[in-house]
Amino acid sequence: MLRFTLRRLIELVLVFFGVTFAIYAAVFALPGDPISSLGGDQPLSPAVVERIRDLYHLNDPLWSQYLRYLGHLVTGDLGVDFRGRSVAERLASRWPVTIRLALTAWVIQVVIGVGLGLVAGLRKNTWIDRGVLILTILIASVPIFVMAVTAQLVFGVKLSILPIAGVSDGWPTSYLLPATVLAIYGLAAVARLTRGSVVDTMSSDFVRALWAKGLSRRQVIGVHVLRNSSIPVLTYLAIDLGALLGGAVVTEGIFNLPGVGQLLFESIRVHEGPTVVGIATALILIFLLTSVVVDLLNSLLDPRIRHD
């Protein structure tokens with residue numbers, strides 16, 4: 001187990017360096033000069049532009065800029081944007097909104113998605129199974145912005161049940177509608193994955209042996225089937241949690257939620273390279289750490305994994 005853990009940590013470090021360098025290079029290779037636009041309608045003089053570029057080391061080679069960024073990152077410093085604001089402080093002010101949104105959406109996926117998949121898997125080839133299949137296909141076929149606008153119109157405007165924008169009503173009222181929209185696509189995938197995993201496990205030889213030994217339905221399904229079926233579902237849910245934390249740009253934009261996704265979109269639009277790289281670094285780190293934790297949990301559930 002110790003060797004498996006060390007191997008996964010080494011892989012994490014290598015992937016982190018590779019991905020962050022690729023993002024850093026891509027962001028600072030974007031066309032356009034964000035420094036020149038800082039003056040708005042009053043263009044900055046060439047001398048001022050050059051001074052600011054020197055201040056942010058933008059004239060240095062890319063590898064030198066990246067190494068300097070890593071040096072600051074070790075101390076927890078994500079740098080400052082082109083207006084002198086701390087990237088870490090800007091992120092800290094946005095994280096609470098994104099975390100509430102992502103966790104609410106994730107819980108909806110777990111409860112409803114796993115529930116639908118479990119029911120469909122245990123009732124294979126029945127009308128319930130076919131109904132879940134049709135429902136998940138319909139859900140996955142609708143674009144997220146169409147789903148979001150429709151939800152606002154129906155539940156916010158027509159029925160006046162939930163607010164359609166902002167976070168003034170607090171959690172869960174302000175987050176329930178956008179979280180449901182954000183969760184609905186992952187929910188369909190979770191339901192299908194759970195259903196397939198349960199069906200495969202139920203047809204396994206060891207399950208037939210458990211039935212032959214006379215174990216009760218609760219023991220077979222509640223302990224053995226769920227445990228063995230949970231490995232691929234748990235892996236997907238962990239990966240999806242990272243995606244929810246970083247992929248809420250469209251949802252936060254439509255529902256006007258002041259979260260990290262909205263900040264990322266605004267930063268890309270105005271070419272705020274330090275902010276984009278800082279947000280991407282934080283999201284990558286969360287995603288990689290979550291993946292390692294899930295791998296370790298999976299190796300505990302199925303010891304064969306750490307011997308592969």
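- Listed here is the closest heavy atom pair of Asn256 and Ala165: CB-CB, 4.1 Å.
- One finds the CG atom of Leu176 at 10.0 Å from the CD1 atom of Ile161 (value rounded to the nearest 0.5 Å).
- Both Leu135 and Val146 are part of a single hydrophobic cluster, where members link through side-chain heavy atoms under 4.5 Å apart.
- In this view, Arg100 satisfies the salt bridge (Lys or Arg N to Asp or Glu O under 4.0 Å) rule with no residue, not counting sequence neighbours.
- Residues Thr194 and Leu118 share a closest heavy-atom pair of CG2-N, 3.8 Å.
- Contacts classified as side-chain hydrogen bond (donor to acceptor under 3.5 Å, both in side chains) and involving residues 159-173 (residues at least two apart or in different chains) are given here: Thr104-Trp171.
- By the salt bridge (Lys or Arg N to Asp or Glu O under 4.0 Å) test, Arg192 is found to be paired with no residue, residues two or more places apart in sequence or in another chain being considered.
- Residues that satisfy the side-chain contact (heavy atoms from CB on, under 4.5 Å) test with Ile137, not counting sequence neighbours, are Leu133.
- Under the side-chain contact (heavy atoms from CB on, under 4.5 Å) criterion, Val111 pairs with Val107, sequence neighbours left out.
- When all heavy atoms are compared, the tightest approach of Ser174 to Pro163 is CA-CG, 3.9 Å.
- Within the 3.5 Å criterion, the main-chain N or O of Gly253 finds no donor-acceptor partner in the side chain of Gln262.
- Every residue two or more places apart in sequence or in another chain that forms a side-chain contact (heavy atoms from CB on, under 4.5 Å) with Thr281 is listed here: Phe16, Thr20, Tyr69, Leu73, Val277.
- Under a hydrophobic clustering in which Ile, Leu, Val, Met, Phe, Trp and Tyr are joined whenever their side-chain heavy atoms come within less than 4.5 Å, directly or via other members, Leu116 and Val199 fall into different clusters.
- Rounded to the nearest 0.5 Å, atoms CG (Leu182) and CE (Met147) are 12.0 Å apart.
- For Phe17, the ring pair (Phe, Tyr, Trp, His ring centres under 6.0 Å) criterion is met by no residue, not counting sequence neighbours.
- Atom CD1 of Ile164 sits about 11.5 Å away from atom CD1 of Ile254, to the nearest 0.5 Å.
- Note: Ile112 CD1 to Leu187 CG = 5.5 Å, rounded to the nearest 0.5 Å.
- The side-chain hydrogen bond (donor to acceptor under 3.5 Å, both in side chains) analysis of residues 131-150, with sequence neighbours excluded, yields no pairs.
- Of all the heavy atoms in Ala148 and Phe255, the pair that sits closest is CB-CE1, 3.7 Å.
- Under the 4.5 Å side-chain contact rule for hydrophobic residues, Leu162 and Leu159 share a cluster.
- Taking CG from Leu237 and CD from Gln109, the interatomic distance works out to 7.0 Å, rounded to the nearest 0.5 Å.
- A side chain to side chain contact (heavy atoms under 4.5 Å, CB included) with Thr98 is found for one member of Leu91, Val260, Leu103, Leu263 and no other, namely Val260.
- Scanning both residues, Leu283 and Trp95, for their nearest heavy atoms gives CD2-CH2, 3.5 Å.
- Two residues are said to be in side-chain contact when any heavy atoms from C-beta on lie closer than 4.5 Å; Ile108 and Thr180 meet this criterion.
- Applying the salt bridge (charged side-chain N to carboxylate O under 4.0 Å, His left out) rule to pairs touching residues 125-145 yields Asp129-Arg195, sequence neighbours excluded.
- When all heavy atoms are compared, the tightest approach of Ile184 to Val181 is CG2-O, 3.3 Å.
- With sequence neighbours excluded, the residues satisfying side-chain contact (heavy atoms from CB on, under 4.5 Å) with Val97 are Val167, Tyr175, Leu257, Pro258.
- Judged as a salt bridge (charged side-chain N to carboxylate O under 4.0 Å, His left out), the pairs with a partner in residues 89-98 (not counting sequence neighbours) are, in order, Asp81-Arg90, Arg94-Glu266.
- The shortest distance between side-chain heavy atoms of Val132 and Val119 does not fall below 4.5 Å.
- Ile144 and Leu153 fall into different hydrophobic clusters, where Ile, Leu, Val, Met, Phe, Trp and Tyr are joined by side-chain heavy atoms under 4.5 Å apart, directly or via other members.
- Judged as a ring pair (Phe, Tyr, Trp, His ring centres under 6.0 Å), and not counting sequence neighbours, Phe155 has no contacts.
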